[in-house]
Amino acid sequence: MQLSRQVEEKLGSLYRSGGRIVGGVYLGKGQEAFSAALGVQLVGGRDVYGPLIRDQAGRIAFGEPLLDCFRTYLGTATGPMRGRDGNIHRGRPKEGMLAMISHLGALVSVVTGVLFARRLRGSLGDTVGATSIGDGGTSTGAFHEGMNLAAVEKLPLIVSVANNQFAYSTPNSRQFACEDLLSRAEGYGVRGWSVAGTDLASCLKGFRAAVAAARSGSGPQMVVGRMLRLGGHGEHDDASYVPEEARFSHLGQDCLMVAEKTLAARGLASAEVVKGWEQEGRKLIDAAIAQAGREPLPDPYRERWDALSTSHLVEGRSE
Amino acid sequence: MSLTYLEAIREAQYEALRQNADVFLYGQDIGAFGGAFKATKGLAREFPGRVFDSPISEDAMVGLAVGAAIEGARPILEMQFADFSSVGFNQIVNQAGTQYWRTDVPCPITIRLPSGGTPGSGPFHSQSMESIYAHYPGLVIVTPATVEDAYWMLLDSVELNDPVMFCEHKFLYYHLKADSLGERSLPIGKARIARPGRHATVVTYSAMLHEALKSAEELQLDGYQIEVVDLRSVKPMDTDTILASVARTGRLLAVGESFPWGGVTAEIVARVSAEAFHLLDAPPMRLNSKDTPIPYHPNLWKSHRPTVTTISDAVRRLLRY
């Protein structure tokens, strides 16, 4: 989660300095504990993960190389999206990391489909699939359809719901009317887990239990965490609509600082050790940016301009 | 042996399930019940664990199919009616249609769309969606008009490594029959000259093919030889075959059952106008349904869609020019 924060601070500064990043930058500040706690429970290369907009920490924990991140933000031809898609819309489906589309809730059924095919082919074993959503995304039809379908199919899906209080600028009060998003789990016939989104220990405990339950055949699990998004929807947004009192509330705590305090208090990692991680992280980031920055950008004359894999069915091609 | 268009679709799914263990069927009421039209009759029994009833969730059905395809499966989805695929529209055009282009991972799914009007079906059980889906990149749109094509093109669709919208026409389900399924002949992407002629070309597809053929019969009595082209797949569109036909006849009428604004017939006219203007002896024409929702009562419905009479009238106008 610390590396994630550093990566995102770098992305933010690259965005503000202008020029190198094409398009927007969408960060997960304040949600690293919640995102990473899911990512570390998953086995990269075996499990399936469909991260969403604020999951840089989960991506790192799952094993996504930093190069994938910077190559995609810079839009290089070498990245997994090859300049065809950008920023957080990246993934490597064949390696278990799906590439989100912007339509919220749509990944729930796609992750379910991967698991469905595995069960059909007898390769499911104890693998699981996971995806993320926010408070706003739970209002979509796709989310509801996907949750219901996963529950009917009884597949090992973990859905993490980060209730960061605002969907872009819209507060919870204009997003849903139930007391707690956790109560939706019961409606789907899915087990729900509640964690403190700002507390890494609580997040780890909750996700460990939820992922274990899914692995052992208990069907879909929904984990809800509450926290405050400590930034705008994207870097273009100053989040001026977030009231002062929210920022200074319990939910407005910075999960990274909370985690550092916990580590020190429990004697797991001193401030010095944390500093060492930070320096190590900076080196990794600098190396990844330096490499991505040297790599070629997409070339419209070399681009194949085909949306079909069956090349003889691509219109206008004479091969 | 005589087989209907619907039975051919059932047989093709049987064959796809038999040939490839990665194929499975997913859709509403398609399991033990055999589907609203019985297109999957008996398949759940013959292929246990591979034919699934789904919840009424078109969005999630398509999402599940995309995920399964990423994992190497080859799902065939049944939308109970093409009309309801609009609920799954986002997953079709944004998830399935972009998957290969964005990630380099193919998305071999086949979505069966029971399409088109039948008397008494009304605005929400009669739609033709081919123009809508053809507009989006990354999808193959097939529109079989014959029993043989219903069978072979469905098998071809399942074998393709891309998402296919399989527009099967409900009006043809029961009364269109063939003595045999024939041989695999033309591939997806190739049109067929359904009837040769020399005075005018009618380009059409799906159920309208049969209206166009009847119209050609009628015009034959007046001494006109009308060439009828069956597109078979609207995307990719076999422009070469259309242009070759127009080169022979010099006159073009494009006929489709979907709504008139834009769409397949407009695309045909645009391509011919741009690429074969010098071959035309008359302005190219198009004929579609009326620009209203599809009416329920047969009296209205019959006037809403192109018919033998309106096609013949249009061809006569074309010939008089």
Side-chain angles (χ1 to χ4, degrees), chain A residues 48 50 80-82 84-85 89-103 105-121 123-124 129 140-153 155 304-310 312-317, chain B residues 21-24 26 49-50 52-75 87-88 90-91 94-109 136-140 159-164 187-189 233 235-237 239:
Chain A
V48 189
M81 311 313 282
R82 300 155 291 158
R84 293 179 175 189
D85 207 343
H89 302 92
R90 63 182 191 270
R92 294 183 181 269
K94 277 289 174 219
E95 291 159 39
M97 182 173 280
L98 304 183
M100 63 171 278
I101 64 170
S102 303
H103 304 66
L107 265 185
V108 177
S109 57
V110 179
V111 177
T112 302
V114 175
L115 300 170
F116 186 90
R118 285 183 178 184
R119 184 164 68 191
L120 195 73
R121 308 170 109 206
S123 61
L124 184 60
T140 63
F143 176 77
H144 168 69
E145 287 195 13
M147 288 301 298
N148 180 62
L149 184 136
V152 167
E153 298 293 354
L155 284 161
R304 283 178 60 84
W305 298 111
D306 53 359
L308 295 175
S309 76
T310 314
H312 73 269
L313 293 184
V314 175
E315 290 204 321
R317 174 161 298 161
Chain B
D22 288 328
V23 173
F24 70 92
Y26 205 77
R50 293 173 64 195
F52 300 89
D53 283 328
S54 76
I56 305 176
S57 300
E58 287 81 5
D59 181 289
M61 287 161 60
V62 182
L64 176 134
V66 172
I70 288 170
E71 191 62 19
R74 307 186 88 82
V87 180
N90 176 47
Q91 297 278 21
N94 290 313
Q95 196 89 259
T98 69
Q99 176 69 29
Y100 167 72
W101 183 79
R102 292 170 71 234
T103 68
D104 217 22
V105 176
C107 188
I109 68 178
Y136 274 83
L139 306 171
V140 173
E159 281 173 21
L160 270 192
N161 271 336
D162 288 294
V164 179
I188 287 174
S233 62
K235 191 177 186 181
M237 184 181 283
T239 314

Calculate, to the nearest 0.5 Å, the distance between atoms [atom1] and [atom2] belonging to [X] and [Y] respectively.
| X | Y | atom1 | atom2 | value |
| --- | --- | --- | --- | --- |
| Glu153(A) | Ser54(B) | CD | OG | 8.5 Å |
| Thr103(B) | His89(A) | OG1 | NE2 | 14.0 Å |
| Ile101(A) | Asn90(B) | CD1 | CG | 4.5 Å |
| Ser109(A) | Met61(B) | OG | CE | 11.0 Å |

Part of [X] lying under 4.5 Å from any heavy atom of chain A:
| X | value |
| --- | --- |
| Ile188(B) | both |
| Val62(B) | neither |
| Pro137(B) | both |

Report yes or no: does [X] contribute a side-chain atom to a donor-acceptor pair with the main-chain N or O of [Y] at less than 3.5 Å?
| X | Y | value |
| --- | --- | --- |
| Glu71(B) | Gly113(A) | no |
| Glu145(A) | Asp59(B) | yes |
| Arg102(B) | Ala99(A) | yes |
| Gln91(B) | Ala106(A) | yes |

Side chain, backbone, both or neither: which part of [X] has a non-hydrogen atom closer than 4.5 Å to chain B?
| X | result |
| --- | --- |
| Arg118(A) | both |
| Leu98(A) | side chain |
| Arg92(A) | neither |
| Pro80(A) | backbone |
| Met147(A) | neither |

Minimum heavy-atom distance [X]-[Y], with the two atoms named:
| X | Y | answer |
| --- | --- | --- |
| Ala60(B) | Gly146(A) | CB-N, 3.9 Å |
| Phe52(B) | Leu120(A) | CZ-CD1, 3.7 Å |
| Asp306(A) | Trp101(B) | O-CD1, 3.2 Å |
| Lys94(A) | Ile70(B) | NZ-O, 2.6 Å |
| Ser309(A) | Asp162(B) | N-OD1, 2.8 Å |

Are Leu308(A) and Leu139(B) close enough that some pair of their side-chain heavy atoms sits under 4.5 Å apart?
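No - every pair of side-chain heavy atoms lies 4.5 Å or more apart.
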
Can you tell if the side chain of Ser57(B) reaches within under 4.5 Å of the side chain of His144(A), non-hydrogen atoms only?
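A side-chain contact is absent here, since even the closest heavy-atom pair is not under 4.5 Å.
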
Which residue out of [options] racks up the most heavy-atom pairs below 4.5 Å with chain A?
| options | value |
| --- | --- |
| Asn161(B), Asp104(B), Asn94(B) | Asn94(B) |
| Pro75(B), Gly72(B), Ser233(B) | Gly72(B) |
| Val140(B), Leu64(B), Thr239(B) | Leu64(B) |
| Asp22(B), Val66(B), Thr98(B) | Asp22(B) |

Heavy-atom pair count under 4.5 Å with chain B, highest-scoring of Leu313(A), Asp85(A), Thr112(A)
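Option with the greatest count: Leu313(A).
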
Which of parallel (below 30°), tilted (30 to 60°) and perpendicular (above 60°) describes Phe24(B) and Phe116(A)?
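Ring orientation, 0 to 90° scale: tilted.
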
